[in-house]
Every structure is written in C-alpha cells, then in structure tokens.
Amino acid sequence: MDQELVQYLDGRFERQEQRFNARFDAIDQRIEEVKRHTGVLVEGLRHEVHLLAEGFATFIEVRYTQDQANIAQQFQETRALIHLSYDQLRQRVENLERRPPN
C-alpha cells in the first residue's frame with residue numbers, strides 16, 4: 001500500500017476512535033446518572049414502604065386490641081346469660097320439687 005494512504009486511513013481510524021470514545025464516555029456518564037437517580041428513587045420507595053408497614057402494624061395492633069376487648073365483652077355477656085338461664089332453671093326445678101306429688 002501507499003504510505004500516504006496508510007497515514008490517511010490511520011488518521012481516519014484515529015478520529016473515528018476518538019468519536020466512539022467520546023460517545024462511549026457520554027453513554028457511560030448517562031448510565032451513571034441513571035444509576036444515581038434510580039438509587040434515589042429506590043431509597044424513596046423503601047422509605048415509603050417502611051412507613052406503610054409501620055402504619056399497617058399499628059392498625060393491626062389497634063384492631064387486635066379492639067377485637068380482644070369485644071371478645072371479652074361478648075364472653076362476659078354470654079356467661080351472664082348462662083348464669084341467668086341456670087338460675088331460672090334451678091328455680092323451676094326447686095318449684096317442681098316443692099309441689100306435692102300427685
């Protein structure tokens with residue numbers, strides 16, 4: 001090959017390589033920006049999920065406490081009704097026992 005042609009092609013390839021390197025550097029920089037931005041978004045989302053979990057845990061605790069109180073109240077009411085029924089039944093039996101036999 002002609003030396004002049006070799007030098008010309010070397011120059012062209014070098015300029016092309018510089019253009020590619022500049023583009024790759026720009027792409028690398030953009031990727032880093034996107035990674036940083038994504039990291040910030042992920043941290044924000046993590047914080048929001050944490051707040052949501054805390055709120056849900058508080059809701060569950062309050063609901064559990066309310067349910068336990070409701071169950072205890074219903075148990076007391078049921079127990080009182082059973083005692084009342086038992087007392088009424090006992091009185092009826094006593095009344096029947098007091099009657100003279102036929």
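Both backbone and side-chain heavy atoms feed into the values below; hydrogens, waters and symmetry mates do not.
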How long is the straight-line distance from CZ of R23 back to CD1 of I27, given to the nearest 0.5 Å? 8.0 Å
Measure the spacing between CG of D67 and CD of Q74 and express it to the nearest 0.5 Å. 9.5 Å
Which pairs of donor and acceptor atoms, one on a side chain in residues 41-60, lie under 3.5 Å apart (sequence neighbours left out)?
from, atom 1, to, atom 2, distance (Å)
E43, OE2, R46, NH1, 2.6
H50, NE2, E54, OE2, 2.7
T58, OG1, E54, O, 3.0

Distance check, rounded to the nearest 0.5 Å: L81 atom CG versus E77 atom CD? 7.5 Å
Under a single-linkage definition using a 4.5 Å side-chain heavy-atom cutoff for Ile, Leu, Val, Met, Phe, Trp and Tyr, are F13 and L5 assigned to the same hydrophobic cluster? yes
E4 versus Y8: any side-chain heavy-atom pair under 4.5 Å? no
Sequence neighbours left out, what passes side-chain contact (heavy atoms from CB on, under 4.5 Å) with E94? Give chain and number order. R90, R98
Atom CG of D28 and atom CG of N21: how far apart are they, to the nearest 0.5 Å? 10.0 Å
With a 4.5 Å heavy-atom cut-off, do K35 and I31 have their side chains touching? yes
Establish, from distance only, whether the side-chain atoms of R15 and Q18 form a donor-acceptor pair under 3.5 Å. no
CD (Q29) with more than 12 external heavy atoms under 6.0 Å: no
With rounding to the nearest 0.5 Å, note down the distance linking OG1 in T78 to CD in Q73. 10.0 Å
For the atom pair CD (E17) and CZ (F24), what is the distance rounded to the nearest 0.5 Å? 10.0 Å
What I want to find out is whether E33 reaches R36 closely enough, with some N-O distance under 4.0 Å, to be called a salt bridge. no
Identified side chain to side chain contact (heavy atoms under 4.5 Å, CB included) partner of V34 from the options E32, H37, R30: R30
